[in-house]
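To start, the structure under review is shown below, and the notes come after it.
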Protein chains: 2
Amino acid sequence: MLTDRQLLILRAIIDDYIQTAQPVGSRTLSKRDDLTFSSATIRNDMADLEDMGLIEKPHTSAGRIPSEVGYRYYVDHLVEKQIIDERETGRLEERLKQSSKESEILIRQAADLLSDLTNYTTVALGPNSQSERLARVDFMPLDERRGVVLIVTDQGHVEHRTVMFESRVAPEVIEETIRLLNDRLVGTAIGQLKVRIGEEVAKLQLAQRQQYENMMQLIQSTVGIQTPSSLYLGGKKNIFNQPEFQTLDTLRPFLEWIDEQERLTHWLESLPNREIYVSIGSENGIVALQNCSVITSDYTLDGKTFGTIAMIGPTRMNYRHGVQMMGQIIEALRRTKLDE
Amino acid sequence: MLTDRQLLILRAIIDDYIQTAQPVGSRTLSKRDDLTFSSATIRNDMADLEDMGLIEKPHTSAGRIPSEVGYRYYVDHLVEKQIIDERETGRLEERLKQSSKESEILIRQAADLLSDLTNYTTVALGPNSQSERLARVDFMPLDERRGVVLIVTDQGHVEHRTVMFESRVAPEVIEETIRLLNDRLVGTAIGQLKVRIGEEVAKLQLAQRQQYENMMQLIQSTVGIQTPSSLYLGGKKNIFNQPEFQTLDTLRPFLEWIDEQERLTHWLESLPNREIYVSIGSENGIVALQNCSVITSDYTLDGKTFGTIAMIGPTRMNYRHGVQMMGQIIEALRRTKLDE
DNA sequence: TATTAGCACTCATATTTAACGAGTGCTAAT
DNA sequence: ATTAGCACTCGTTAAATATGAGTGCTAATA
């Protein structure tokens, strides 16, 4: 168990280190207004904190830096649950409102806003259309042999794909197929469409089947291709200002990792669904991010579940401010109305 | 005017420097099989080449490196017009064919291929939809107050935008408006749509105008937003392997510049239309690219004018190979059929 | 018993100095 | 016209040294 003084010292070390990125020595601490003890006393406590694994020294004659365990303790015990600052949230909401009504643009704006506020890099993942429901299917012929299949979801997202016929298909067959699909499949989750179309084909009478099977299968193959959820990266440049990323050895893995859109998407999708969650250093299990911490959260837009947003900074990130800002943005997004 | 020997030496210096990234000394050159002269002789010619501004020395006791003027001379006089290697082009065509029939994906694939072949970074700009022509407009109601406007171009590109009504609009009015637009505007360049809709509104009879004006203006406002041409970046990582980008001072401006999608698009769009063009060092006028050379070219896909592709590497890039590969890729794209 | 002053010791970083060697330019010989 | 020879330049590397921030321990103090 930590004494009050040790707690005070731990907190001071982390706060100081977060600001300066330099190991913190006992003498520096003793000069702080909130620490009235001599450097020797502080040294003794520091030795204890080190024994407990909360802080460590880069080498004998340096000051101490927080260990990952230390950060964990700090985040869990010393970062007070933030209360939403109404004025600030209102201001953010206002800025979001001004940008656009399009959800896509709103998300981008939110990511940019968050990285501006914190000076860290932000990744925002849009809604995964797989879970949305079919509102309508339509088909537009382009010429004799090509056409566009349109899929509209209940959330107003539209996807389209150009298809090519093997041979000419009668317009009536197309029309009838589309009508059939609309009749039977509206309300189906997009992710299930492929299977459901297969089922519908199986249900067809033999006579119908010959007519519609080709067309249906064509559509089936197009909806099978899942469009990746939209991904947006904000404030990528910010990393250049972090002292721990001033060398290529650290910078390169980070940049290479963050540029791999697909992997990034999977990673965000695989995060456990929760409100704000902080992952410290190697906790995230990603080699390229071993010196980074991540604050993630699912967010809702206009009250509806939407996607995931993540803030990535060095392990030595300002957790207090980061968590606070993340909370504000999420709240602002939640309050933003898409229509009015 | 350059003597034959000076030409030989200039070429050797540049070839050598392109490979090693190290200043080239007279003794190194004299050991080459194609240079039979003594180091002293070479030194004399080097001094002349330096007087002419074709090469320069980083400091007194280093070898020589090519100047921008030198590279220019090299590219203009010493890089022979490449002849398309049929076998190689065929192989590239094959690899493109395998990836997809979707133009978007083909372009990405081409960019990736080009950067793999050269180890430089590639930027590809897709077609600018502004110049394509309207094939069809359609509207899909989502609910009482929202709907999706769909715009299909003659090239098969589809764009969609969600619109919100101020008040309820009768389905017949919507239908009629769409019919009107399709009747009158099919074939119009997308870039002109906004103006043309305005003209059509003006032509309406007073009675009609009251009915349709709102709806038309709503559509007008959506087509006014121009979607940016699709941009694709390939082989961004390659820059990390270039010795001239091993320091943050050089790396950072490059990465910051290349990540600015909008600026990149404008830059590519502003390039003069031509076949293969080489811009050396500061010639491109971009501060962040002052140590880079760029090989650009417009390309056609399936014979149709399509977009622009650019290859960015250090000034010390392998121009011969770069130009050759660019030629091959462009030819392969030209031959690729979109439908069959 | 808890705190603090004092001091020897450690070790990364900065500074200085010296040695090295790749490359040049010039001169004189071929 | 070409080349061998040589003094000179200057960036790079390595070793030697100095600096100083910070620690751990011990003994004095409240």
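By convention in this document, chain letters (A, B, ...) are assigned in the order of the sequence lines, proteins followed by strands, and residues within each chain are numbered from 1.
- With rounding to whole Å, Ile65(B) atom CD1 is found 16 Å from dT24(C) atom C1'.
- Which of dA12(C), dC10(D), dT23(D) sits closest to the side chain of Thr60(B) comes down to dC10(D).
- Leu289(A) approaches Asn284(A) most closely through the heavy-atom pair O-ND2, 3.3 Å.
- For His59(A) and dT10(C), the NE2 to P distance is 15 Å, given to the nearest whole Å.
- A donor and an acceptor atom sit less than 3.5 Å apart, one in the side chain of Arg43(B) and one in the base of dG5(D).
- Rounded to whole Å, atom C1' of dG21(C) lies 12 Å from atom CZ of Arg27(B).
- No side-chain donor-acceptor contact under 3.5 Å links Glu331(A) and Thr89(A).
- Which of dT2(D), dT4(C), dT24(C) sits closest to the side chain of Thr41(B) comes down to dT2(D).
- Shown here, dA28(C) forms a base pair with dT3(D); the pair counts as Watson-Crick or G-U wobble because both key distances fall under 3.5 Å.
- Residues Pro23(A) and Asn44(B) both approach DNA chain D. Their nearest nucleotides, taken by heavy-atom distance, put Asn44(B) toward the 5′ side.
- Looking at Thr315(B), its side chain never comes within 3.5 Å of a backbone N or O of Gly281(B) through a donor-acceptor pair.
- In the set dG25(C), dT9(D), dT3(D), dG25(C) carries the atom at the smallest distance from any side-chain atom of Lys57(B).
- Distances shorter than 4.0 Å separate some side-chain N or O of Arg5(A) from OP1 or OP2 on dT3(C).
- One donor-acceptor pair, N or O on each side, does fall under 3.5 Å between the base of dC10(D) and the side chain of Ser61(B).
- A straight line from CG of Leu29(B) to C1' of dT2(D) spans 17 Å, rounded to a whole angstrom.
- Both distances falling under 3.5 Å, in either a Watson-Crick or a G-U wobble arrangement, place dA14(C) opposite dT17(D).
- In this structure, Ala40(B) reaches the bases: a heavy-atom distance under 4.0 Å links it to at least one base atom across the strands shown.
- Searching all strands for a Watson-Crick or G-U wobble partner of dG23(C) with both distances below 3.5 Å returns dC8(D).
- Between the P atom of dG22(D) and the CD1 atom of Ile13(A) lies a distance of 12 Å, rounded to the nearest Å.
- Using a 30° and 60° split on the angle between ring planes, Tyr319(B) and Tyr71(B) fall in the tilted class, from 30° to 60°.
- Between the P atom of dC26(C) and the CD1 atom of Ile42(B) lies a distance of 18 Å, rounded to the nearest Å.
- When rounded to the nearest whole Å, the span between CG of Asp4(A) and P of dT3(C) equals 12 Å.
- Between the CE atom of Met46(B) and the P atom of dG23(C) there is a distance of 9 Å, rounded to whole Å.
- The heavy-atom pair separating Gly63(B) from Lys57(B) by the smallest distance is O-CB, 3.6 Å.
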